[in-house]
Amino acid sequence: MAEFKLTIDGRVEDAEGTFAVLNPAHETVVGQAPDASREQLDRAVAAARAAFVGWRDTAREQRVAAINAFAGAITDNLDDLARLLTLEQGKPLQEAHNELQACLGWIDAFVHTELSEPVLVDDAESLISYRHRPLGVVGGITPWNAPVLVACNKLIPAVQTGNTVVLKPSPYTPLSTLKLGELAQQAFPAGVVNVLSGGNELGRWMSEHPGIDKLSFTGSTATGKAIMRSGADNLKRLTLELGGNDAAIVLDDVDVPAVVEKLFWGAFYNSGQICTAIKRMYVHADIHDAIAQGLVQYSQYIEMGDGTREGVVLGPVQNKMQFDKVCALAASARQAGGRFLCGGEPRGGAGYFFPVSIVVDLPNDARLVQEEQFGPILPLIRYTDVEQALAWVNAGRQGLGGSVWSADLARAEALARRLESGSAWVNKHMDVRPDVPFGGARESGLGMEHTALGLAEYTQLQVLNIAKQ
Ligand code: NAD
């Protein structure tokens with residue numbers, strides 16, 4: 001079994017304790033992850049602070065060269081990383097490759113993004129401009145659904161803008177991120193990138209740590225709120241990418257056969273474990289049954305299983321906690337009068353497998369409609385009045401993404417503009433890309449990622465105001 005280590009100040013090390021990381025397809029141990037102590041966190045933060053002084057003052061070209069060297073190290077180890085990602089996360093091997101390729105693509109997009117330093121006033125008296133200064137030490141805390149992509153999405157913008165980093169992956173999927181930490185040492189000076197695995201407690205210590213200037217967090221809304229509270233003491237800068245309960249509104253004029261496949265993947269990609277997956281689908285009564293049947297038929301061609309097996313396109317739910325949550329939501333849907341057109345019960349046997357499940361006849365106030373399921377179970381809610389559907393969609397507390405589906409683009413766009421969400425899509429969903437800003441409205445987040453807007457969040461804007469005489 002491979003060894004997994006922390007990286008602190010350019011060196012790998014063990015922790016006193018370890019914890020087992022399970023393969024969710026079999027519930028067998030993939031590896032032991034080091035359980036970092038508070039003392040190790042303190043040393044990682046101190047190393048990052050010490051490295052910041054030199055890294056902050058390097059030329060942008062030098063930082064970009066290091067980032068490109070890191071991308072090269074990922075490329076050289078792509079197959080091993082993809083396999084490890086599948087073993088710990090459960091996603092099919094092809095999807096693990098896709099996640100790593102996305103990482104490389106995103107890194108490329110980030111290094112081609114620059115922050116400008118515009119001159120605001122240049123007259124006889126004054127020269128006034130602003131510039132972006134790095135913040136210092138950035139803590140990154142990541143979830144288990146796309147661990148490598150989310151880690152790169154924090155690491156690269158942070159170091160590119162001159163910060164140093166302490167990264168903490170989810171305890172469910174720390175292994176591939178620990179390997180990224182080791183690879184980063186080939187590319188960055190000691191202390192610039194530190195990676196620690198541990199439990200939720202380690203995350204809490206990070207959010208309270210006075211030596212961390214900013215936290216970039218991706219995970220649940222509940223944890224995001226806890227981080228905001230405990231980060232208040234040193235007024236930590238925060239980027240919070242939190243939970244979503246994205247809705248798709250399917251209008252009466254859609255071409256049903258043309259949209260079924262897109263709707264299916266919008267909801268079930270990564271077995272529904274995507275923050276911006278469609279988690280509730282509002283379908284006009286005229287086409288409701290046709291859409292439901294189309295989704296059920298499409299699901300019959302979908303193979304769910306061990307991600308290392310040929311032909312498998314959907315993996316298990318990633319961990320027992322989430323699996324139990326999905327099972328409980330399925331039971332609550334049945335109690336609330338929901339009719340399962342497929343799935344509805346766990347598969348049984350080893351592994352956290354819950355089949356693709358489509359539920360109809362639920363009222364809008366059912367738990368499965370109101371709560372984020374983060375798993376392969378989708379409620380379809382029938383509507384006749386689109387204003388009512390929009391009101392239901394916008395009544396939720398979250399606002400990550402949303403979509404409208406119609407043959408009439410102008411009609412769909414008019415409705416999409418009224419969605420109270422950070423992203424509003426038309427005839428697509430989950431189209432998240434590094435050259436387009438991404439962030440949640442309301443309780444789905446704070447701040448933006450991607451593009452120059454996202455890079456700027458890793459900096460403090462400083463106004464430079466010079467009297468000419
Ligand atoms: P989670 O909030 O339970 O855990 C996320 C990370 O936070 C883990 O590394 C965990 O160890 C750490 N953590 C837990 N308690 C902490 C605390 N008190 N202080 C600091 N850190 C703490 O979330 P999860 O179950 O890993 O991920 C699923 C959730 O993430 C879903 O709600 C999903 O929608 C959301 N998510 C959001 C996005 C986005 O970009 N908006 C992307 C992916 C996932």
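First listed ligand is number 1; within each ligand, the first listed atom is number 1.
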Lys428 vs Asp431, salt bridge (Lys or Arg N to Asp or Glu O under 4.0 Å): CA-CA, chis, key distance, verdict:
CA-CA 7 Å; Lys428 54 163 87 172; Asp431 186 17; 2.9 Å; yes
[X] N/O to ligand 1 N/O under 3.5 Å:
X: Glu449; answer: no
X: Thr221; answer: no
X: Ser444; answer: no

Once you restrict to heavy atoms under 4.0 Å, what part of Thr142 touches ligand 1? Side chain, backbone, both or neither.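 The part of Thr142 near ligand 1 is the backbone, not the side chain.
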Once you restrict to heavy atoms under 4.0 Å, what part of Leu242 touches ligand 1? Side chain, backbone, both or neither.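 Leu242 to ligand 1: backbone contact only, side chain stays beyond 4.0 Å.
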Identify, for [atom], the protein heavy atom at the shortest distance, and state residue, atom and that distance.
atom: atom 44 (C) of ligand 1; answer: Asn145 ND2, 3.6 Å
atom: atom 23 (O) of ligand 1; answer: Ser220 N, 3.4 Å
atom: atom 33 (C) of ligand 1; answer: Phe374 CE1, 3.3 Å
atom: atom 13 (N) of ligand 1; answer: Thr223 CG2, 3.6 Å
atom: atom 25 (O) of ligand 1; answer: Trp144 NE1, 2.9 Å
atom: atom 35 (C) of ligand 1; answer: Gly219 O, 3.2 Å
atom: atom 10 (C) of ligand 1; answer: Asn200 OD1, 3.3 Å
atom: atom 21 (N) of ligand 1; answer: Gly203 CA, 3.4 Å

[X] with [Y]: basic N within carboxylate O range, under 4.0 Å:
X: Lys325; Y: Glu371; answer: no
X: Lys179; Y: Glu3; answer: no
X: Glu413; Y: Arg418; answer: no
X: Glu13; Y: Lys5; answer: no
X: Lys154; Y: Glu449; answer: yes

With Arg442 as partner, the option from Glu420, Arg397, Gln398 fulfilling side-chain contact (heavy atoms from CB on, under 4.5 Å) is Glu420
Of all the atoms in ligand 1, which lie at a distance below 4.0 Å from a heavy atom belonging to Leu400?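 Listed by number with element, the hits are 41 (N).
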inquiry  = Go through it in stages, so that I can follow the logic: the residues are Phe188 and Trp55, the test is ring pair (Phe, Tyr, Trp, His ring centres under 6.0 Å), and I'd like the CA-CA distance, side-chain angles, deciding distance and then a yes or no.
reply    = CA-CA 9 Å; Phe188 297 100; Trp55 186 248; 5.8 Å; yes
So, for Trp405 and His429, is the gap between ring centers shorter than 6.0 Å?
no
Answer yes if the ring centres of Tyr298 and Phe264 are under 6.0 angstrom apart, and no otherwise. yes
* Answer yes or no: is there a donor N or O on one side and an acceptor on the other, between the side chain of Gln185 and the main chain of Gly181, under 3.5 Å? => yes
Yes or no: does [X] have any heavy atom under 4.0 Å from an atom of ligand 1?
X: Phe217; answer: yes
X: Gly244; answer: yes
X: Pro169; answer: yes

Check: Would a search of protein heavy atoms around atom 30 (O) of ligand 1 find one under 4.0 Å away?
Finding: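 Yes, there is one.
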Check: of Met206, Glu372, Met321, min heavy-atom distance to atom 34 (O) of ligand 1 comes from Glu372
Ranking Gly243, Gly440, Cys275, Gly439 by closest non-hydrogen atom to atom 38 (C) of ligand 1, top hit is Cys275
Do you know which of Glu208, Glu201, Glu16 makes salt bridge (Lys or Arg N to Asp or Glu O under 4.0 Å) with Arg38?
->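 Going through Glu208, Glu201, Glu16 one by one, the salt bridge (Lys or Arg N to Asp or Glu O under 4.0 Å) with Arg38 is satisfied by Glu208 alone.
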